[in-house]
Amino acid sequence: MPHPIETLAKRPDFLRAARAARSPQPAFLLQARQRTADEAPDAGLIRIGYTCSKKVGNAVARNRAKRRLREIARAIIPHEGLAGWDYVLIGRANETASRPFEDLKSDLSRALKKIHKGR
């Protein structure tokens, strides 16, 4: 059964994820961390954040890259992500917007397996 997902919105959540596990992929970087018991009231929830720096391009290019990241996350993370975790997808210049969509999805699956392998 897919886990419910929520979008990260607060800077401290992104900063905590930046200090946690990471899995670089050709078109994005995945950062992931397990939340502590006192952080989130709903332990069955998966939280996801998206970010693209100005290196990715102008606002149009960044928004396109984030739309693609949101779509692969919607397709993969509810099924392969773990409840009680925060994930942040960071877009890469030229790659996020141009990589074939199926490759992006398989990259995300591979990144999740790598991060959860030791857990």
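Here the structure is a predicted model, which means the values were calculated and not measured.
With sequence neighbours left out, the side chain to side chain contact (heavy atoms under 4.5 Å, CB included) criterion links R70 to Y50, K66, R67, R74. The salt bridge (Lys or Arg N to Asp or Glu O under 4.0 Å) check on R99 picks up D107, with sequence neighbours excluded. Residues passing the salt bridge (Lys or Arg N to Asp or Glu O under 4.0 Å) test with E95, sequence neighbours excluded: none. Take F28 and apply the ring-ring contact (aromatic ring centres under 6.0 Å, His included) test, not counting sequence neighbours, and it matches no residue. Legend: residues meeting side chain to side chain contact (heavy atoms under 4.5 Å, CB included) with S109, ordered by chain and number and at least two apart, are I76, E80, K113. Remark: S106 pairs with no residue by the side chain to side chain donor-acceptor pair (under 3.5 Å) rule, at least two apart or across chains.
Residues R62 and G57 share a closest heavy-atom pair of NH1-O, 2.8 Å. In this structure, L89 and A73 approach most closely via the heavy-atom pair CD1-CB, 3.9 Å. A pairwise comparison of heavy atoms in A75 and P78 identifies C-CD, 4.5 Å as the closest pair. Nearest heavy-atom pair across L112 and L30 is CD2-CD2, 3.9 Å. A27 and L104 get closest at one heavy-atom pair: CB-CD2, 3.4 Å.
A salt bridge is defined here as a Lys NZ or Arg NE, NH1 or NH2 lying under 4.0 Å from an Asp or Glu carboxylate O, and R68 with E71 fails to meet this definition.
Under a hydrophobic-cluster definition in which Ile, Leu, Val, Met, Phe, Trp and Tyr are linked whenever side-chain heavy atoms come within less than 4.5 Å, directly or via other members, L45 and W85 are assigned to different clusters. V56 and F101 fall into different hydrophobic clusters, defined by Ile, Leu, Val, Met, Phe, Trp and Tyr side-chain heavy atoms under 4.5 Å apart, directly or through other members.
Contact of the P24 side chain with the K114 side chain is registered, since non-hydrogen atoms from C-beta on lie closer than 4.5 Å. No side-chain heavy atom of L82 sits less than 4.5 Å from a side-chain heavy atom of I46. Residues D86 and R35 are in side-chain contact: their nearest non-hydrogen atoms beyond the backbone lie under 4.5 Å apart.
Note that OG of S53 and CZ of R92 are 10.5 Å apart. Values are rounded to the nearest 0.5 Å. From C52, atom SG reaches atom CG of N63 across 8.5 Å, with rounding to the nearest 0.5 Å.
Although no hydrogens or angles enter the test, the distance criterion places no donor-acceptor pair under 3.5 Å between the side chain of R33 and the main chain of A20.
Residue pairs meeting the side-chain hydrogen bond (donor to acceptor under 3.5 Å, both in side chains) criterion with at least one member in residues 4-25, sequence neighbours excluded: D13-R16, D13-R47, R16-E39, S23-Q25, Q25-R110.
L29 forms part of a hydrophobic cluster together with L8, F14, V88, I90, judged by ILVMFWY side-chain heavy-atom separations under 4.5 Å.
The number of heavy atoms from other shown groups lying within 6.0 Å of CG (N94) does not exceed 12.
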